[in-house]
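Structure first, then comments.
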Amino acid sequence: MEQKTKVVTGTVRLSYAHIFEPQVNEDGSEKYSVSLLIPKTDTETINKIKKAVNEAKEIGKTSKWSNKIPSNCKLPLRDGDVEREDDEVYKNHYFVTATSKTKPDIRIYKGKKADGKPILEETDNSTEVYSGCYARVSVNFYPFDAKGNKGVACGLNSIVKVMDGEALGGRSSADEDFADTDFSDVDLGLDDDELL
């Protein structure tokens with residue numbers, strides 16, 4: 001049976017990826033999370049998300065919100081040009097933040113078998129799937145009513161990396177930082193035969 005609140009995205013870019021280790025929230029709970037940057041040109045994924053969010057709102061109407069959709073219902077699909085206007089990475093993108101209490105299934109796409117089915121390799125290596133890479137992601141939308149806030153949230157199911165991208169987060173590598181540094185004046189107090 002098709003789950004009407006579940007969406008498998010087209011190719012999106014991962015941002016703020018905390019998918020290998022959970023992060024502690026303000027309330028002390030731990031969650032895995034990632035923001036999915038969806039190009040505004042990917043109307044298929046955007047329309048699937050909007051449809052799934054509407055389904056979740058209908059579910060919430062009867063299960064959470066006393067038979068009416070709240071006027072201040074918080075929605076997960078956000079406009080990067082409006083909410084992150086100073087961040088070039090979010091330009092011309094929508095984004096959703098997906099979370100999970102359990103670690104998502106994380107795979108790497110390795111091509112297709114002869115029958116056309118994808119070859120997906122498991123990974124536990126955070127350097128392989130990271131903020132800035134491109135992936136297809138399975139998410140599920142659900143209604144919530146917590147501490148006076150009502151809306152639709154996005155649950156994180158699984159991630160398949162499809163392509164590398166420029167890493168996000170502002171941290172540079174030692175290779176980049178020290179590529180032109182002269183270390184000839186460093187004295188470790190070792191004889192030449194003790195050096196690597």
Side-chain angles (χ1 to χ4, degrees), residues 1-40 42-106 126 129-133 135-160 168-170:
M1 184 173 122
E2 180 188 2
Q3 189 177 354
K4 294 181 178 179
T5 58
K6 180 178 169 183
V7 171
V8 175
T9 70
T11 300
V12 299
R13 194 171 187 194
L14 306 186
S15 179
Y16 296 101
H18 302 289
I19 53 178
F20 289 94
E21 296 291 334
Q23 297 295 299
V24 179
N25 294 325
E26 292 173 9
D27 63 2
S29 65
E30 292 187 346
K31 282 191 176 179
Y32 298 87
S33 64
V34 63
S35 285
L36 312 178
L37 302 180
I38 308 153
K40 289 187 173 179
D42 185 0
T43 55
E44 183 179 349
T45 295
I46 293 162
N47 288 334
K48 285 197 295 188
I49 289 173
K50 287 179 178 179
K51 188 174 179 182
V53 167
N54 285 335
E55 287 289 339
K57 284 163 67 175
E58 287 302 315
I59 292 167
K61 190 164 125 179
T62 55
S63 69
K64 301 266 183 196
W65 307 324
S66 305
N67 293 316
K68 64 179 181 178
I69 296 172
S71 58
N72 61 345
C73 186
K74 294 181 183 245
L75 301 177
L77 186 64
R78 297 155 63 190
D79 189 334
D81 290 315
V82 174
E83 295 197 36
R84 302 290 299 268
E85 62 183 313
D86 294 334
D87 192 335
E88 202 57 35
V89 173
Y90 282 71
K91 188 175 181 179
N92 297 318
H93 288 81
Y94 286 105
F95 69 100
V96 295
T97 299
T99 64
S100 175
K101 291 180 181 176
T102 58
K103 185 177 177 181
D105 187 6
I106 303 168
S126 62
V129 183
Y130 52 89
S131 295
C133 77
R136 296 213 171 161
V137 183
S138 171
V139 293
N140 182 58
F141 295 91
Y142 60 92
F144 68 87
D145 184 350
K147 299 179 184 174
N149 292 315
K150 298 176 182 181
V152 175
C154 181
L156 176 60
N157 297 327
S158 56
I159 298 168
V160 175
L168 302 177

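Keep in mind that this is a model prediction, so the values were computed, not measured.
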(request) Could you check if a side-chain atom of Thr9 sits within less than 4.5 angstrom of a side-chain atom of Lys48, using non-hydrogen atoms only? (result) no

(message) Nearest 0.5 Å, please: how far is CD in Glu30 from NE2 in His18?
(response) 13.0 Å

(message) A side-chain contact here means heavy atoms from C-beta on lying under 4.5 Å apart; do Thr11 and Arg136 qualify?
(response) yes

(request) Determine, step by step, whether Val89 and Leu37 satisfy the side-chain contact (heavy atoms from CB on, under 4.5 Å) criterion, reporting the C-alpha distance in whole Å, the side-chain angles of both residues, the deciding distance to 0.1 Å, and the verdict. (result) CA-CA 9 Å; Val89 173; Leu37 302 180; 3.3 Å; yes

(message) Can you tell me how far apart CG (Asn54) and CZ (Phe141) are? Round to the nearest 0.5 Å.
(response) 11.0 Å

(request) For Lys103, look at atom NZ and say whether over 12 heavy atoms of other residues, nucleotides or ligands are found less than 6.0 Å away. (result) yes

(request) For residues Ser63 and Pro143, report the shortest heavy-atom separation together with the two atoms involved. (result) OG-CG, 4.3 Å

(request) Mind checking the OG-CZ spacing from Ser131 to Arg13? Nearest 0.5 Å is all I need. (result) 9.5 Å

(message) Quick check for you: to the nearest 0.5 Å, what is the distance between Ile19 atom CD1 and Ser100 atom OG?
(response) 11.5 Å

(request) Would you name the heavy atoms of Thr62 and Asn67 that are closest together and state the gap between them? (result) CG2-OD1, 3.7 Å

(message) Within this structure, what is the CD1-CG distance for the pair Ile49 and Leu36, rounded to the nearest 0.5 Å?
(response) 7.5 Å

(request) Of all the heavy-atom pairs spanning Ile46 and Pro39, show the shortest one and how long it is. (result) CD1-O, 3.6 Å

(message) Tell me the closest heavy-atom pair linking Trp65 and Lys57, and the distance in Å.
(response) CZ3-O, 3.4 Å

(message) Treating Thr5 as the side-chain partner and Tyr142 as the backbone partner, does any N or O pair qualify as donor plus acceptor under 3.5 Å?
(response) no

(request) Report yes or no: do Asn25 and Ser29 form a side-chain donor-acceptor pair below 3.5 Å? (result) yes

(request) Please report the closest heavy-atom contact between Leu14 and Tyr130, naming both atoms and the distance. (result) CB-O, 3.9 Å

(message) Donor-acceptor check, side chain of Ser138 to backbone of Val8, threshold 3.5 angstrom: yes or no?
(response) no

(message) I want to check something: taking the side chain as every heavy atom from C-beta on, are Ile38 and His93 in contact at a cut-off of under 4.5 Å?
(response) no

(request) Answer yes or no: is there a side-chain heavy-atom contact under 4.5 Å between Val12 and Val137? (result) yes

(message) Measuring only between side-chain heavy atoms, which start at C-beta, is Ile59 closer than 4.5 Å to Lys64?
(response) no

(message) With rounding to the nearest 0.5 angstrom, report the NZ to OG1 distance, Lys31 to Thr97.
(response) 11.5 Å

(message) Does the plane of the ring in Tyr16 sit parallel, tilted or perpendicular to the ring in Tyr90? Use 30° and 60° as the thresholds.
(response) tilted

(message) Under 3.5 Å, is there a donor on one side chain and an acceptor on the other for Asp105 and Ser158?
(response) no

(message) Looking at Ser35, is its backbone amide N or carbonyl O close enough to the side chain of Ser15 to form a donor-acceptor pair, meaning the two atoms are under 3.5 Å apart?
(response) no

(request) State whether the number of non-hydrogen atoms from other residues, nucleotides or ligands found under 6.0 Å of Lys51 atom NZ is greater than 12. (result) no

(request) Measure from the side-chain N and O atoms of Asp81 to the backbone N and O of Asn92, and report whether any donor-acceptor pair falls under 3.5 Å. (result) yes

(request) Could you tell me whether the side chain of Ile106 reaches within less than 4.5 Å of the side chain of Phe20, counting heavy atoms only? (result) yes

(message) Within the supplied structure, the quantity of interest is the number of heavy atoms (other residues, nucleotides, ligands) at a distance under 6.0 Å from Lys6 NZ; does it exceed 12?
(response) no

(request) Would you name the heavy atoms of Lys101 and Tyr32 that are closest together and state the gap between them? (result) O-CE1, 3.8 Å

